[in-house]
Amino acid sequence: MTERKRTPWVVGVSGASGTPYAASVIRGLLAAGESVDLVVSRAARLTLLDETGIAFRDAHWRDDLAEWLARGADGKPGAFAAQDGDIRYWAAGDLAAGPSSGSYPAKGMLIVPASTACVAGVALGLSKDLLQRVASVTLKERRRLVVAVRETPLSGQTLKQLVALDEAGAVVLPASPAFYAGATHIQDLVDFVAGRVLDAAGVPHGLYRRWEGELGGASRSREASGG
């Protein structure tokens, strides 16, 4: 295995609806020159198939990932150019994978989207698959863990588990898009959430227009873009 130039971020994709969020985060990391280790849960494969029609396969993950990253949030293929960068894929059932150990170098982990089942598993330290195991390792090693939970409404039990994650040092980041950035397309709303995930990780990006303290900026932005 070749030596990597940069310590990677682990991106975990769970079974919650919102696979375009994950695609945008991965594109943002690669655009920033970051290395990525990718873990896609079994449930996430079903969600990806339902939302995009893409069957994510271990043996053909490079081709399937390329197709996924090229697809827009509206489902249209070829919306984005081919992505170049350092990315490795680890099967969710591979509990002997590199990121399962605290000695494996990683900057942290971004779980996007995070289902309530994933939240529960990480909060309870179940480690039932590689995604949950890496999250547990990230917490014990005091690395940055961002949990982009995608569910509504939230039950009392899930709220307690999210508080537990916050107390353990994770960043709990609901997949809640804002509208002050002047969104005109669904991709803009997706990119806003992805941008906030990257903000929490300290990764620079240009995925959304930031608030600058000026009222009416969103409407002017839409007018300038012809929206």
Side-chain angles (χ1 to χ4, degrees), residues 8-29 32 34 36-44 47-48 51 73 92 99-100 102 106-181 183 188-205 207-208 210-211:
W9 285 96
V10 180
V11 176
V13 186
S14 78
S17 177
T19 55
Y21 291 131
S24 183
V25 166
I26 295 170
R27 287 193 297 264
L29 288 170
E34 299 287 346
V36 175
D37 279 12
L38 176 64
V39 181
V40 181
S41 74
R42 290 183 178 180
T47 305
L48 183 63
E51 293 184 345
S100 68
K107 290 183 177 179
M109 183 180 192
L110 315 175
I111 305 179
V112 53
S115 66
T116 54
C118 173
V119 167
V122 176
L124 296 174
L126 297 183
S127 296
K128 74 178 184 66
D129 62 6
L130 181 61
L131 193 157
Q132 291 184 12
R133 170 60 186 168
V134 177
S136 295
V137 167
T138 302
L139 288 175
K140 80 179 183 69
E141 296 294 327
R142 301 296 191 267
R143 297 168 183 163
R144 179 59 56 94
L145 174 64
V146 181
V147 181
V149 61
R150 216 307 305 162
E151 184 64 80
T152 189
L154 293 169
S155 70
Q157 192 60 42
T158 297
L159 290 170
K160 292 176 184 178
Q161 291 158 352
L162 290 172
V163 170
L165 289 178
D166 175 79
E167 291 175 344
V171 176
V172 176
L173 195 153
S176 177
F179 294 84
Y180 61 76
D188 297 328
L189 298 176
V190 167
D191 286 346
F192 178 88
V193 172
R196 295 299 286 148
V197 170
L198 295 178
D199 286 344
V203 176
H205 66 87
L207 288 176
Y208 68 89
R210 298 183 181 278
W211 175 253

I'd like to know if the side chain of [X] and the backbone of [Y] have a donor-acceptor N/O pair within less than 3.5 Å.
X: His205; Y: Gly28; result: no
X: Gln161; Y: Val119; result: no
X: Thr116; Y: Thr158; result: no

Grab the two heavy atoms, one from [X] and one from [Y], that are nearest each other, plus how far apart they are.
X: Val172; Y: Asp166; result: CG2-N, 4.2 Å
X: Cys118; Y: Ile111; result: SG-CG2, 3.9 Å
X: Pro8; Y: Val36; result: CB-N, 4.2 Å
X: Asp129; Y: Ala92; result: CB-O, 3.6 Å
X: Ala175; Y: Val193; result: CA-CG1, 3.8 Å
X: Val190; Y: Ser24; result: CG1-CB, 4.1 Å

Open item on the list: Checking Leu126 now: which residues fulfil side-chain contact (heavy atoms from CB on, under 4.5 Å) with it, not counting sequence neighbours?
Closed with: Leu124, Gln132

Task: Set of side-chain contact (heavy atoms from CB on, under 4.5 Å) partners for Arg143, sequence neighbours left out - done: Ala106, Val137, Thr138, Glu141

TODO: Using the side chain to side chain contact (heavy atoms under 4.5 Å, CB included) rule, pick out the option among Ser17, Ser14, Pro174 that qualifies with Arg150.
DONE: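 Answer after filtering Ser17, Ser14, Pro174: Ser17.
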
TODO: Using side chain to side chain donor-acceptor pair (under 3.5 Å) as the criterion, point out the one residue from Asp191, Asp199, Asp188 that pairs with Tyr208.
DONE: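 For Tyr208, the side chain to side chain donor-acceptor pair (under 3.5 Å) test succeeds with only one of Asp191, Asp199, Asp188, which is Asp199.
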
Task: Side-chain heavy-atom pair Val171, Leu145 within 4.5 angstrom cut-off - done: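 No, side chains not in contact.
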
Open item on the list: Is there a side-chain contact between Val147 and Leu173 in this structure, where contact means two heavy atoms from C-beta onward sitting under 4.5 Å apart?
Closed with: no

- [ ] Take Lys107 and Asp37 through the test salt bridge (Lys or Arg N to Asp or Glu O under 4.0 Å) and record every step on the way to the result.
- [x] CA-CA 11 Å; Lys107 290 183 177 179; Asp37 279 12; over 6 Å; no

To the nearest 0.5 Å, how far apart are [atom1] in [X] and [atom2] in [Y]?
X: Leu29; Y: Leu110; atom1: CG; atom2: CG; answer: 6.0 Å
X: Leu38; Y: Leu131; atom1: CG; atom2: CG; answer: 9.5 Å
X: Leu139; Y: Leu165; atom1: CG; atom2: CG; answer: 7.0 Å

Open item on the list: What verdict does the side-chain contact (heavy atoms from CB on, under 4.5 Å) test give for Leu130 and Ser100, after you've listed the backbone C-alpha separation in whole Å, the side-chain angles of each residue and the deciding distance to 0.1 Å?
Closed with: CA-CA 7 Å; Leu130 181 61; Ser100 68; 3.8 Å; yes

Open item on the list: Before you tell me yes or no, could you show the steps for Leu207 and Leu198 under side-chain contact (heavy atoms from CB on, under 4.5 Å), namely the whole-Å CA-CA distance, both residues' side-chain angles and the distance that decides it to 0.1 Å?
Closed with: CA-CA 9 Å; Leu207 288 176; Leu198 295 178; 3.8 Å; yes

- [ ] Taking the six-membered ring for Trp and the single ring otherwise, decide whether the centroids of Phe192 and Tyr21 are under 6.0 Å apart.
- [x] no

TODO: Assess whether side-chain contact (heavy atoms from CB on, under 4.5 Å) is satisfied between Val146 and Met109, documenting all intermediate values.
DONE: CA-CA 6 Å; Val146 181; Met109 183 180 192; over 6 Å; no

Task: With sequence neighbours excluded, residues passing side chain to side chain donor-acceptor pair (under 3.5 Å) with Thr152 - done: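 Side chain to side chain donor-acceptor pair (under 3.5 Å) check on Thr152 returns nothing, list empty.
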
Please determine whether the number of non-hydrogen atoms from other residues, nucleotides or ligands lying under 6.0 Å from atom [atom1] of [X] exceeds 12.
X: Lys160; atom1: NZ; answer: no
X: Arg210; atom1: CZ; answer: yes
X: Arg196; atom1: CZ; answer: no

